[in-house]
Amino acid sequence: MSRAGVDRLWVAGQIVLIALIVVAAVWGPHWPARPILLGVGIVVIALGGLTMVWGGRTLGGSLTPYPSPRGKHLERGPYRFIRHPIYGGGITLALGASLATSPWALVPTAALVPFFLLKARYEEGLLAEADPGYGEYLGRVRKRFFPWLL
């Protein structure tokens, strides 16, 4: 399969997981202590969304939903701290949406973590091929999604 075909499969998988989160959030049973979790969820959604926007704005014209890189890696903005802030922000946003709505949404949200880990690993392989300085960057910026965890 061509690289473009593989890229399209990654995006399709991402769309399916996001759609499952939305479906579970809208039609799943709501949390019993909903007012508390709703407030926490909104804060977590905002943090995830801001992280995604910061990462996207930093990428500028290099931003793409596909894992194949459009340029060299960046070492500014959130990329000084984590290698994939948009993925980390997406996981955070989905967690917030799950907390604000339905426990059923936690299942596809949890599936985002291994999905994004695999997508990031694939993307990092492509970046290492395209950019000789990427290996050094991996040594400096050790975390993929969250500065304190993954």
Show the nearest heavy-atom pair for residues [X] and [Y], with the distance to one decimal.
{"X": "Lys143", "Y": "Leu149", "value": "NZ-O, 3.5 Å"}
{"X": "Ala97", "Y": "Ile45", "value": "N-CG1, 3.5 Å"}
{"X": "Pro103", "Y": "Pro29", "value": "CD-O, 3.2 Å"}
{"X": "His73", "Y": "Leu127", "value": "N-CD2, 4.4 Å"}
{"X": "Leu99", "Y": "Gly41", "value": "CB-CA, 4.1 Å"}
{"X": "Ala25", "Y": "Thr101", "value": "CB-OG1, 3.2 Å"}

If we only count heavy atoms from C-beta on, is the [X] to [Y] side-chain gap below 4.5 Å?
{"X": "His84", "Y": "Tyr79", "answer": "no"}
{"X": "Arg121", "Y": "Phe116", "answer": "no"}
{"X": "Trp10", "Y": "Leu118", "answer": "yes"}
{"X": "Glu124", "Y": "Leu138", "answer": "yes"}
{"X": "Phe115", "Y": "Lys119", "answer": "yes"}
{"X": "His30", "Y": "Leu37", "answer": "no"}

Indicate every side-chain donor-acceptor pair of residues 85-95 with a distance under 3.5 Å to a residue at least two apart or in another chain.
unit_1: Tyr87; atom_1: OH; unit_2: Glu123; atom_2: OE1; d: 2.6
unit_1: Thr92; atom_1: OG1; unit_2: Gly88; atom_2: O; d: 2.9

Q: State the CZ-CZ distance between Arg144 and Arg142, to the nearest 0.5 angstrom.
A: 10.5 Å
Q: Look up atom CG in Leu20 and atom CD1 in Ile15, then write down how far apart they are to the nearest 0.5 Å.
A: 12.0 Å
Co-membership, hydrophobic cluster, residues [X] and [Y], 4.5 Å side-chain:
{"X": "Ile21", "Y": "Val26", "result": "no"}
{"X": "Tyr122", "Y": "Met1", "result": "yes"}
{"X": "Leu117", "Y": "Leu106", "result": "no"}
{"X": "Val6", "Y": "Leu126", "result": "yes"}
{"X": "Val141", "Y": "Tyr134", "result": "yes"}

(Q) Taking atom CH2 as the centre, does Trp104 end up with more than 12 heavy-atom neighbours from other residues, nucleotides or ligands that are less than 6.0 angstrom away? (A) no
Q.
If you count heavy atoms of other groups shown closer than 6.0 angstrom to CD1 of Ile36, is the number above 12?
A. no
Q. Checking side chain to side chain contact (heavy atoms under 4.5 Å, CB included) for the pair Tyr137/Glu75: CA distance, chi angles, key distance, verdict?
A. CA-CA 8 Å; Tyr137 172 71; Glu75 293 193 49; 3.4 Å; yes
(Q) Here's a test for you: under side-chain contact (heavy atoms from CB on, under 4.5 Å), which of Val44, Leu38, Val43 qualifies with Val40? (A) Val44
Donor-acceptor list for residues 55-68 side chains, cut-off 3.5 Å, not counting sequence neighbours:
unit_1: Thr58; atom_1: OG1; unit_2: Trp54; atom_2: O; d: 2.7
unit_1: Thr64; atom_1: OG1; unit_2: Tyr66; atom_2: N; d: 3.2
unit_1: Ser68; atom_1: OG; unit_2: Asp7; atom_2: OD1; d: 3.1
unit_1: Ser68; atom_1: OG; unit_2: Asp7; atom_2: OD2; d: 2.6

